[in-house]
Structures are given as C-alpha cells and as structure tokens.
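One structure is given here, and the rest of the page talks about it.
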Amino acid sequence: MIRTRILLVDPDEPEPDAIAEAADVLRLGGLVAFATETVYGLGAVATDADAVRGIFQAKGRPSFNPLIVHVGGDDQVRSLTTDWTDRAALLARTFWPGPLTLVLKRTPAIPDVVAAGGPTVGLRVPAPTVARRLIERVGLPLAAPSANRSNRISPTSADHVLADLDGLIHLILDSGPTSVGLESTVLDLAADPPRVLRPGPITAGELAEVLGVEVLSGDAGPTGAAPASPGMLAVHYAPRTLAIRVSDPAQLSEIVWPGRAGLIAFQTIPDAACPPGVARIVHPDPRQAARAFYRSLHELDARNLDLIIAVEPPPGPVWDALRDRLRRATTPHVS
Ligand code: TXA
Ligand code: MG
C-alpha cells in the first residue's frame, strides 16, 4: 500500500514547488493524478514501460486497452509518430491544446504497453496550465488514462480520484474541478477517411469542417469485430447503484419506483413524472451538462439509492458525447 499524497495547486498560477515535486515522482517511475480540461488523468512517464505497467495495475485496467499520451506541443509529437500528416498538423493547429486525441502510427519511442501492442498511439495536448507545466517540467510525454478504477465513473475532481485510488498512487495534484467534464474526442487519423472512435467535446461535424473531408463516426464495423477503440466496451463508467435509462420522459410513467431513487435528466421533466421523494438532477444546457455529468453521477451514487433513472438527452450532435457516456453508465429500461 502506498501513502497517497495530495498537493493543492493554484490552477492559474501553479506553485513551482508542487510542480517540481510531482515531476520528481514521475521521473522516478511514480504515478501522479492531475487535472486536464476533460477529466483527471493518472499520469506516468510514457517512455517508461515499468511506470506505465503501474497505471494498469492501479486502475485494474485490462492490458488490451491502450493509453493516451499527453504532450506539450507539436514538436514533442514528431518523435512519437511516423505520420505527422497535413491533416494531423491542421487539427493540431485548430484544436490543441484541447479535448482532441489523434490516433497515429507510433514510433518505437512508444512502448508496447502504452499502445496495448497495436501499431498506433493516441496523442493529445491538454490545455490546463497545471498539466502543461507538469509535462514541461518532466520533459517527457505522459501516458494518462482517466484517474478512476477501470469501469468506474470518471473523476472530475481530486475527491473522485482519492475515492477510487487512495493507497494505489503516489500523488494527486488538486487544482479543483475540471472545466469540460467529458473525455476527449478520439479520432483515428491512421484510417482514411478519419473515424471518430469515441465521441467527445469536439464533434465529428466540426472535424469534418476543418479537414474538408468526410469523418466517420459511430460503430460501422462488422458485428462481432473487435472494437476499433479497444476501451469502448459497452458497459463502462458505471455507478455502483443499479442505473437504468429511458429514451423519453414519457417512459417514466412505466417505472416502478423503489423507496429511494434518483433521477438525472437533460430536459425539463414534469413534476408529476416521478414521485415527490425522488432526488432530481436536471442539466438542460449541453456544456453545463457535460461539466456536471460525472459529478452528478458520483453524487447520486454516494446516496446509497435503490435505483438511478436516467433520461437520455434530446437528439442532436451537441449531445453525442453525453449520450454515449450515459449509455455506457446505464442499462436500458425494458417496458
Ligand atoms: O480526455 C481524455 O481523453 C482523458 C484525459 C485524462 O486525457 N483520458 C482518457 O483516457 O479518457 P482513457 O484511457 O480513460 O480513455 C482512452 C480512450 C480509450 O477508449 C482507448 O481505447 C482509446 O482512448 N485509445 C487510446 N489509444 C488508442 C489507440 N492507439 N487506438 C485506438 N484507441 C485508443
Ligand atoms: Mg476512462
């Protein structure tokens, strides 16, 4: 068992001592959780295979699921990929730093364990000052999946990280809640046309517009084929509480409500649609919903309810990422 330390850092003016300490832990092969704009990441030096194995161990993550590598900028990227194409450069110019992960062919600088043995690596430049100073100070790329136990809810605050990983990691840099709240869009640029492997804050439509080419999204692969993005298993990010979803508020009338239940929704729900004692969380604005989604799930999960009911967001690409995460966190209600 490791003693997990927590260092408070100012998100705008990170204390140099805290950054230096975290960088030392990383250089010695340790694990440090830090905030990105999406969720907290669990970082290790990406070129240190032993340190990266520690991430898989702490998370209980299956070894077939590759990790995203976080870099400081384009220059650092070039030694990690063999195909820094015009498309990659254009997207990097437009969306980095930001919540976009580009999957490209990897060089031998990326250890097999990071790539789960595959030919590619996912790369991104995170935006927050703390993350950027940390990468700069270490001077090496950082592999960092979301800082939760595998298959649990992603962390958007240091408390969430601690609840899952206390005693399993060395350090948490606590710079407050994350701003975007849902994981980055993962785009496969090794494919032609490019394909969104995981919907996220940047939509397929926005990517297509910048690239001027078609961008595929959704699972178009043959049934039974291995998922293109190996981490995208159907059930993921799940709360401990039984959580089911309906696609339309009208279906709430079919629910047999237990004594203690919670509701999470993304549009106005009529008062009469659920019993008075039900804990309700409603986030009608897409950006605010993204920011608050995992926190809301953590909160409902902590109440020891008998049931969580989720109502899917309305149609439309701005809700794609949230709809995707909601579906992975819940099982469908069958009438
Ligand atoms: O916003 C994010 O992306 C956060 C922050 C910490 O950067 N990270 C994150 O990492 O969500 P993780 O490990 O929880 O999810 C990474 C996703 C998985 O679905 C994984 O399969 C996919 O990215 N991925 C990573 N490398 C890949 C690769 N080379 N090819 C295909 N998919 C890849
Ligand atoms: Mg994750």
Side-chain angles (χ1 to χ4, degrees), residues 31-44 46 52 55-56 58-71 80-81 83 95-107 110-128 130-132 134-135 141-156 160-161 164-165 173 178-191 194-202 219 221 226-238 290-291 293-294 321 324-325 328-329:
L31 304 181
V32 175
F34 61 95
T36 76
E37 66 276 56
T38 60
V39 300
Y40 272 71
L42 179 58
V52 172
I55 293 180
F56 282 86
K59 280 183 61 87
R61 181 176 178 109
S63 58
F64 58 76
N65 193 357
L67 304 181
I68 293 172
V69 173
H70 298 69
V71 292
L80 306 177
T81 175
D83 61 353
F95 295 109
W96 283 357
L100 176 65
T101 296
L102 300 177
V103 171
L104 295 160
K105 289 207 189 68
R106 67 174 162 127
T107 65
I110 299 289
D112 284 345
V113 60
V114 170
T120 57
V121 61
L123 297 166
R124 92 173 180 97
V125 177
V130 171
R132 307 195 69 188
L134 184 62
I135 293 166
L142 298 181
S146 52
N148 52 286
R149 290 279 296 169
S150 196
N151 295 344
R152 305 237 61 100
I153 307 169
S154 293
T156 55
H160 298 160
V161 178
D164 253 21
L165 298 175
L173 286 179
T178 63
S179 59
V180 175
L182 291 181
E183 299 90 340
S184 63
T185 304
V186 178
L187 179 71
D188 187 356
L189 272 185
R195 175 192 292 278
V196 171
L197 302 177
R198 178 176 70 182
I202 296 167
D219 356 271
S229 195
M232 298 300 279
L233 306 174
V235 178
H236 204 168
Y237 316 109
R291 187 178 305 139
F293 177 61
Y294 286 129
D324 171 79
R325 304 307 188 275
R328 288 170 205 286

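Remember, it's a predicted structure, so these values are computed and weren't measured experimentally. Numbering of ligands and ligand atoms starts at 1, following listing order. Hydrogens, waters and symmetry mates are skipped; everything else that's a heavy atom, side chains included, is used.
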So, regarding Glu183 and ligand 1 (criterion: nitrogen or oxygen to nitrogen or oxygen, under 3.5 Å), is there a contact or not?
no
Enumerated ligand 1 atoms positioned under 4.0 Å from heavy atoms of Thr120
28 (C), 29 (N), 30 (N)
Tell me, please: is Arg124 in heavy-atom contact with ligand 1, that is, under 4.0 Å?
yes
Do any N or O atoms from the side chain of Glu37 and from the backbone of Ser179 form a donor-acceptor pair under 3.5 angstrom?
no
Between Thr81 (side chain) and Lys105 (backbone), is there a donor-acceptor pair under 3.5 Å?
yes
With a 4.0 Å cut-off on heavy atoms, does Glu37 reach ligand 1?
no
Can Arg291 and Thr156 be counted as having a side-chain donor-acceptor contact under 3.5 angstrom?
no
Looking only at the side chains, is there a donor atom on one of Thr38 and Ser184 sitting less than 3.5 Å from an acceptor on the other?
no
I need the atoms of ligand 1 closer than 4.0 Å to a non-hydrogen atom of Val186, numbered in the order shown.
23 (O)
Do NZ/NE/NH1/NH2 and the carboxylate oxygens of Asp83 and Arg106 come within less than 4.0 Å?
no
N/O of Tyr40 under 3.5 Å from N/O of ligand 1, yes or no?
no
Ligand-residue contact atoms, ligand 1 with Val121, heavy atoms, under 4.0 Å
29 (N)
Can Leu134 and Leu173 be said to form a side chain to side chain contact (heavy atoms under 4.5 Å, CB included), step by step?
CA-CA 10 Å; Leu134 184 62; Leu173 286 179; 4.2 Å; yes
Best match, Ile110, Leu104, Leu197: closest heavy atom to atom 31 (C) of ligand 1
Leu197
Please identify which atoms of ligand 1 are closer than 4.0 Å to at least one heavy atom of Ser184.
1 (O), 2 (C), 3 (O)
The side chain to side chain contact (heavy atoms under 4.5 Å, CB included) partner of Arg124 among Leu102, Thr36, Val71, Val69 is Thr36
Taking the minimum heavy-atom distance to atom 16 (C) of ligand 1, which of Val39, Ile68, Thr38 ranks first?
Ile68
Does any donor atom in the side chain of Arg61 or Asn65 lie under 3.5 Å from an acceptor atom in the other side chain?
yes
Taking N or O atoms only and a 3.5 Å limit, does Thr36 qualify as a polar contact for ligand 1?
no
Indicate, as side chain, backbone, both or neither, the part of Asp188 found under 4.0 angstrom from ligand 1 when only non-hydrogen atoms are considered.
neither
Checking side-chain polar atoms at under 3.5 Å, does Glu183 have a donor or acceptor matched by the opposite partner on Ser154?
yes
Atoms of ligand 1, numbered as shown, that sit under 4.0 Å from any heavy atom of His70:
5 (C), 6 (C), 7 (O)
How does Ala144 reach ligand 1, if at all, at less than 4.0 Å between non-hydrogen atoms: by side chain, backbone, both, or neither?
backbone
Mind checking whether Asn65 has an N or O less than 3.5 Å away from an N or O of ligand 1?
yes
